[in-house]
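To start, the structure under review is shown below, and the notes come after it.
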Amino acid sequence: AADDLIGHETLALGLWARPADREAFVALLRRDGRVRDFVAPFQGRAGHQGVVSISAEQIEIDGEPCLLGIGRDVTQALADRQALERLNAELEARVAERTRQLEASLGEARRMNRELQTFAYSVSHDLKAPLRALDGYSLLLAQHAAELDDESRGHLQRIREAARQMARLINDLLAYARLEQDALAPQPLEIARLVPEVLAHHAADLSRLGVVPQIEVPAVTVRADPA
């Protein structure tokens with residue numbers, strides 16, 4: 001109640017939880033004549049404890065020195081700020097841990113990509129040698145195509161087309177292995193122009209299976225890397 005406070009010093013009332021805080025407050029007041037937002041723990045008679053922000057200034061009233069002070073209970077605000085700081089610290093720790101995991105995953109992906117490159121180069125080298133021999137022999141046979149019947153010439157043509165397709169696949173495998181090193185170069189591509197190329201690569205299989213594709217491709221343009 002007000003009667004319990006009027007005429008009594010805060011020290012006598014035991015409001016200061018730490019006497020050292022009162023000494024620091026008084027020292028600032030004597031030095032500057034005022035104190036702004038001095039935060040310290042306080043305690044009440046009923047055992048209530050909290051944190052108060054005090055602003056005070058020395059004034060005179062009818063020639064009498066007085067102290068005008070205002071105290072605000074900032075216990076909840078301080079608790080909220082501390083909780084926010086804890087949440088921020090936890091969030092930063094989680095972000096740091098996630099970053100560490102992503103860096104580890106990226107390192108693993110790069111390691112696997114290097115292994116893929118090594119595998120691709122090894123496989124392409126092993127495949128290109130017999131492929132060159134196949135293409136070379138088929139070229140020799142093509143020079144005597146006039147001596148072959150139509151069916152044999154058709155077989156020879158399919159052998160050469162298959163060899164060229166295999167060479168393209170090997171080159172594509174090498175290009176795929178270099179994807180991480182090469183920057184993407186997106187450009188407009190018409191889907192309608194890509195479909196015939198894909199069908200041409202599988203023309204022999206389609207013909208053998210008796211498949212006659214019916215193509216209806218809308219005029220759609222996308223941005224992609226042709227590689």
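Any value given below was found using the heavy atoms of this structure, including those in side chains, with hydrogens, waters and symmetry copies removed.
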Practice problem: Could I get the full list of side-chain contact (heavy atoms from CB on, under 4.5 Å) partners for Arg223, not counting sequence neighbours? | Solution: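 Partners of Arg223 under the side-chain contact (heavy atoms from CB on, under 4.5 Å) test: Pro186, Pro188.
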
Quiz prompt | Those residues that, when tested against Arg111, pass side-chain contact (heavy atoms from CB on, under 4.5 Å) (two or more places apart) | solution =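 Result, side-chain contact (heavy atoms from CB on, under 4.5 Å) vs Arg111: Glu108, Arg114, Glu115.
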
According to side-chain hydrogen bond (donor to acceptor under 3.5 Å, both in side chains), who are the partners of [X], at least two apart in sequence or on a separate chain?
X     : result
Asn88 : none
Asp32 : none
Arg98 : Gln101
Thr75 : Asp73

Quiz item: Which pair of heavy atoms, one from Pro213 and one from Val211, lies closest together, and at what distance?
Solution: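 Pro213 and Val211 have their closest heavy atoms at CD-O, 3.5 Å.
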
Connected via hydrophobic side-chain network under 4.5 Å: [X] and [Y]:
X      : Y      : value
Val39  : Leu29  : no
Leu189 : Val220 : yes
Leu28  : Val52  : yes
Leu106 : Met112 : no

Quiz item: Does Glu103 pair with Arg100 as a salt bridge, N-O distance under 4.0 Å?
Solution: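 Looking at Glu103 and Arg100, the cut-off is not met.
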
Self-check item: All salt bridge (Lys or Arg N to Asp or Glu O under 4.0 Å) counterparts of Glu197, not counting sequence neighbours
Solution: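 So Glu197 forms no salt bridge (Lys or Arg N to Asp or Glu O under 4.0 Å) with any residue.
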
Quiz item: Mind checking what makes salt bridge (Lys or Arg N to Asp or Glu O under 4.0 Å) contact with Arg18, not counting sequence neighbours?
Solution: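 Once residues adjacent in sequence are excluded, the partners of Arg18 under the salt bridge (Lys or Arg N to Asp or Glu O under 4.0 Å) criterion are Asp21.
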
Exercise. To the nearest 0.5 angstrom, please state how far the CG atom of Leu102 sits from the CD atom of Glu97.
Key: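 That separation rounds to 10.0 Å.
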
Between side-chain atoms of residues 53-67 and protein atoms elsewhere (two or more places apart, or another chain), which donor-acceptor pairs fall under 3.5 Å?
| from | atom 1 | to | atom 2 | distance (Å) |
| --- | --- | --- | --- | --- |
| Ser55 | OG | Asp37 | N | 3.0 |
| Glu57 | OE1 | Arg36 | NH2 | 3.2 |
| Glu57 | OE2 | Arg34 | NH2 | 3.2 |

Quiz item: Is the number of heavy atoms from other residues, nucleotides or ligands within 6.0 Å of CD1 (Ile70) greater than 12?
Solution: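 Atom CD1 in Ile70 is not crowded, with 12 or fewer foreign heavy atoms closer than 6.0 Å.
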
I'd like a table of donor-acceptor pairs (distance under 3.5 Å, sequence neighbours excluded) in which one partner is a side-chain atom from residues 154-167, with atom names and distances.
| from | atom 1 | to | atom 2 | distance (Å) |
| --- | --- | --- | --- | --- |
| His155 | ND1 | Arg158 | NH2 | 2.7 |
| Gln157 | NE2 | Glu161 | OE2 | 3.2 |
| Arg160 | NE | Ser138 | OG | 3.4 |
| Arg160 | NH2 | Asp135 | OD1 | 3.3 |
| Gln165 | OE1 | Arg168 | NE | 3.2 |
| Gln165 | OE1 | Arg168 | NH2 | 2.7 |

Practice problem: Can you run down the side-chain hydrogen bond (donor to acceptor under 3.5 Å, both in side chains) pairs that involve residues 76-86, sequence neighbours left out, and say none if there aren't any? | Solution: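 Found Gln76-Asp80.
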
Practice problem: For Phe25, enumerate each residue passing the ring pair (Phe, Tyr, Trp, His ring centres under 6.0 Å) test, keeping only those at least two apart in sequence or located in another chain. | Solution: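 Ring pair (Phe, Tyr, Trp, His ring centres under 6.0 Å) check on Phe25 returns Trp16, Phe38.
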
